[in-house]
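Notes follow once the structure below has been shown.
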Amino acid sequence: MTGYLRLGVNIDHVATIRNARGGGHPDPVRAARAAAQAGADGITAHLREDRRHISDDDMARLAAQIDLPLNFEMAATDEMLAIALKHKPHAACIVPEKREERTTEGGLDAAGGFDSLKPFVAELGAAGIRVSLFIEPDPVQLDAAKALGAPVIELHTGAYCDAGPATQAAQLQRIKDAAAHAEAIGLECHAGHGLTYDTVGPVAAIATIAELNIGHFLIGEAIFGGLESAIKRMRALMDQARAEAMGERSA
Ligand code: PXP
């Protein structure tokens, strides 16, 4: 069982805004420092094949200048593996990537892509990088991640966050079941994608989830009230939901 719930702040969309005009403002490394000040436990960044937001230089500066653990989101390609091995981030989260998608749509097919993923998990792990696989809350995918030797999985919360009132409870139950399955087979469980102030509580309340990775909503909220305030509010909602859940468990 996990007590403290870590918050990884994804700063990709600071780079999206910067890239809209070129130049250097706003700087995702500055955002990472502000996130650290506000209580983030880690920084997450996704270097996409098309470099639509985070750039190679951003990755290099994040790896060199940020004290918090860096979670490098990457597609399973030789190019990204070489970059990960060069910077040696604390963690690498392998995600599926399609050039035409707007964001990471759906999880990695760890079961179907087992043979092609195996060398990536092995090489990253051998370099001391903690590997996680971004997968749907589906036991088949969790079992495949375990068999691949990944120590961590990140559950895709997009379907839960996007669900309407008729299906949201069922989507949440899939995440709860997957988190229980992760614990049963010895995988550390993270979750993320699409989380907001409104959707974070029920996920944070799942006591075996160790980390949430949140980006787009926080950067959007930062426009209205500042990044530190957005992160602090998210952190407070997470802590409150987790404390209530732990209280119910021990009552
Ligand atoms: N986790 C993973 C693996 C992701 O790919 C993303 C999006 O880059 C996130 C978490 C964060 O999602 P969002 O930006 O919707 O909060």
Side-chain angles (χ1 to χ4, degrees), residues 5-17 19 28 31-32 35 40-54 58-59 62 69-77 80 84 89-99 101-110 117 120 124 129-137 141-142 145 150 152-163 171 175 178-179 187-201 203-204 209-223 227 230-231 233-235 237-238:
L5 177 59
R6 295 194 301 269
L7 171 60
V9 173
N10 181 316
I11 41 113
D12 291 349
H13 295 300
V14 178
T16 303
I17 297 169
N19 295 355
D41 301 289
I43 299 298
T44 293
H46 183 181
L47 184 64
R48 292 186 73 104
E49 190 193 5
D50 62 9
R51 310 302 198 266
R52 70 176 67 156
H53 37 58
I54 293 292
D58 293 332
M59 244 340 145
L62 286 167
L70 178 62
N71 177 30
F72 175 51
E73 284 183 13
M74 56 174 272
T77 65
M80 291 303 153
H90 166 78
C93 180
I94 303 182
V95 301
E97 206 178 295
K98 292 190 220 93
R99 219 170 234 282
E101 70 192 354
R102 235 184 286 170
T103 180
T104 312
E105 292 163 4
L108 190 71
D109 185 2
L117 287 167
F120 288 94
L124 291 164
I129 300 168
R130 201 160 161 75
V131 182
S132 91
L133 302 184
F134 186 47
I135 57 175
E136 291 296 325
Q141 297 297 342
L142 274 84
V152 182
I153 45 106
E154 180 168 329
L155 299 175
H156 197 309
T157 51
Y160 155 72
C161 291
D162 293 342
Q171 291 295 346
I175 297 170
L187 289 169
E188 182 171 312
C189 188
H190 300 176
H193 207 282
L195 292 167
T196 66
Y197 295 149
D198 290 336
T199 53
V200 77
V203 179
I209 293 182
E211 177 175 309
L212 300 181
N213 283 298
I214 309 180
H216 182 267
F217 180 80
L218 288 174
I219 305 307
E221 279 299 293
I223 292 170
L227 185 57
I231 291 171
R233 178 149 177 225
M234 188 63 83
R235 175 82 263 165
L237 290 167
M238 287 165 53

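Bear in mind the structure is a predicted one, so any value in this text is a computation, not a measurement. All ligand and atom numbering here is 1-based and tracks the order in the structure.
The closest non-hydrogen atom to atom 13 (P) of ligand 1, taken over His53, His13, His216, comes from His216.
If you check the side chains of Asn71 and Glu73, you find no donor sitting under 3.5 Å from an acceptor. Counting only N and O atoms by type, the side chains of His193 and Glu154 include no donor and acceptor under 3.5 Å apart.
A salt bridge links Arg235 to Asp41: one of the charged nitrogens lies within less than 4.0 Å of a carboxylate oxygen.
In summary, the atoms of ligand 1 found under 4.0 Å from a heavy atom of Asn213, numbered by their order in the structure, are 10 (C), 11 (C). If you number the atoms of ligand 1 from 1 as listed, the ones under 4.0 Å from a heavy atom of Gly215 come out as 13 (P), 14 (O), 16 (O). Near Gly194, meaning under 4.0 Å from any of its heavy atoms, are these atoms of ligand 1: 12 (O), 13 (P), 15 (O), 16 (O). Below 4.0 Å from some heavy atom of Val95 lie the following atoms of ligand 1, by number and element: 3 (C). Residue Ile214 approaches ligand 1 through these ligand atoms, each under 4.0 Å from one of its heavy atoms: 16 (O).
Tyr160 places a side-chain N or O within donor-acceptor distance of the main-chain N or O of Thr199, the cut-off being under 3.5 Å. Panel note: side chain Asn19, backbone Arg52; a donor-acceptor pair is recorded below 3.5 Å.
Only the side chain of Glu154 comes within contact range of ligand 1, with a heavy atom under 4.0 Å; no backbone atom does.
Residues passing the salt bridge (Lys or Arg N to Asp or Glu O under 4.0 Å) test with Arg130, sequence neighbours excluded: Glu188.
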